[in-house]
S.K.: 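Can you keep this structure in mind? I'll have questions shortly.
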Amino acid sequence: MRETEEARLKRMAMRSWRRGMKEMDLILGPYADAHLAGMSEDRLVVFDKLLEENDQDLLPWVLGQNPAPGYLTELIAEIGVYARGRLAVR
């Protein structure tokens, strides 16, 4: 049975909020809430692949401490900008 689009977005949102590492929950969860519904199919495929990565790898990529794999570079940069923007003191 094929996953419906609604089920897919719910699964991806849940996986964004339930990472296992609280820091990644707080980075990916809000990003997913704000962007999943408007993502193109290509971007959804990449985001789904990102969700398969280990938090211990993801966090240094988002923080710019280690380079992300080529297929994730653009998405990781976008997530990092979004996370820093949310945390900026106004």
Side-chain angles (χ1 to χ4, degrees):
M1 184 171 172
R2 187 165 183 201
E3 185 177 41
T4 67
E5 188 64 22
E6 181 182 358
R8 178 186 189 197
L9 293 177
K10 284 183 180 182
R11 173 184 54 78
M12 293 171 75
M14 178 64 74
R15 186 68 181 109
S16 297
W17 277 104
R18 305 278 191 266
R19 297 293 309 164
M21 183 185 283
K22 192 63 171 175
E23 294 86 348
M24 288 311 303
D25 295 348
L26 297 174
I27 292 170
L28 290 181
Y31 178 84
D33 288 349
H35 294 91
L36 272 180
M39 283 186 187
S40 69
E41 177 60 25
D42 290 342
R43 182 52 67 102
L44 285 170
V45 168
V46 174
F47 192 77
D48 211 8
K49 288 180 182 179
L50 175 142
L51 294 174
E52 295 173 7
E53 297 288 347
N54 293 319
D55 287 353
Q56 293 79 7
D57 296 323
L58 279 172
L59 187 59
W61 296 341
V62 172
L63 296 176
Q65 296 170 337
N66 292 333
Y71 74 98
L72 290 177
T73 302
E74 184 180 319
L75 180 58
I76 291 289
E78 184 179 310
I79 291 168
V81 167
Y82 181 80
R84 285 186 292 280
R86 284 187 59 245
L87 299 174
V89 177
R90 297 187 198 324

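Quick caveat: nothing in here was measured; it's all calculated off a predicted structure.
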S.K.: Can you find a heavy atom in the side chain of Ile27 that is under 4.5 Å from one in the side chain of Leu58?
M.R.: no
S.K.: Taking atom CD as the centre, does Glu3 end up with more than 12 heavy-atom neighbours from other residues, nucleotides or ligands that are less than 6.0 angstrom away?
M.R.: yes
S.K.: Could you check Leu72 against Glu53 for side chain to side chain contact (heavy atoms under 4.5 Å, CB included), going step by step and ending with a plain yes or no?
M.R.: CA-CA 10 Å; Leu72 290 177; Glu53 297 288 347; 4.0 Å; yes
S.K.: State whether Glu78 and Arg43 are salt-bridged, where the test is any N-O pair (Lys NZ or Arg NE/NH1/NH2 against Asp/Glu carboxylate O) under 4.0 Å.
M.R.: yes
S.K.: Linking I/L/V/M/F/W/Y whenever any side-chain heavy atoms sit under 4.5 Å apart, do Leu36 and Met14 land together?
M.R.: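 Looking at the clustering, Met14 is in a separate group from Leu36.
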S.K.: Under a 4.5 Å side-chain heavy-atom rule over Ile, Leu, Val, Met, Phe, Trp and Tyr, are Leu26 and Leu59 clustered together?
M.R.: no
S.K.: Are Val45 and Ile76 grouped together when hydrophobic residues (ILVMFWY) are joined by side-chain heavy atoms under 4.5 angstrom apart?
M.R.: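 Unlinked, Val45 and Ile76 end up in two clusters.
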S.K.: Rounded to the nearest 0.5 Å, what's the gap from CG on Leu75 to NZ on Lys49? Could you check?
M.R.: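 Between Leu75 CG and Lys49 NZ, I get 12.0 Å after rounding to 0.5 Å.
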S.K.: Do Leu51 and Met21 belong together in a cluster built from hydrophobic side chains that touch within less than 4.5 Å?
M.R.: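 Yes: a chain of side-chain contacts under 4.5 Å links Leu51 to Met21.
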S.K.: Salt bridge between Glu5 and Arg8, side-chain N to carboxylate O under 4.0 Å?
M.R.: yes
S.K.: Of the non-hydrogen atoms in Met12 and Ser16, which two are nearest, and what is the gap between them?
M.R.: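 Here Met12 and Ser16 meet closest at O-OG, 2.8 Å.
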S.K.: Are Val81 and Ile79 joined in one hydrophobic group, where the rule is that I, L, V, M, F, W and Y side chains link up if heavy atoms are under 4.5 Å apart?
M.R.: no
S.K.: So does Asp25 pair up with Arg19, basic N to acidic O under 4.0 Å?
M.R.: no
S.K.: How would you list all residue pairs meeting ring-ring contact (aromatic ring centres under 6.0 Å, His included) that involve residues 68-87, not counting sequence neighbours?
M.R.: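 Residue pairs passing ring-ring contact (aromatic ring centres under 6.0 Å, His included), neighbours aside: Tyr31-Tyr82, His35-Tyr82.
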S.K.: Any salt bridge between Arg15 and Asp48, counting N to O under 4.0 Å?
M.R.: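 No, Arg15 and Asp48 are not salt-bridged.
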S.K.: Is there a side-chain contact between Trp17 and Leu28 in this structure, where contact means two heavy atoms from C-beta onward sitting under 4.5 Å apart?
M.R.: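 They are not in side-chain contact.
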S.K.: More than 12 heavy atoms of other residues, nucleotides or ligands under 6.0 Å from CZ of Arg11: yes or no?
M.R.: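 Enclosed.
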S.K.: Side chains of Phe47 and Asp42: does their closest heavy-atom pair fall under 4.5 Å?
M.R.: no
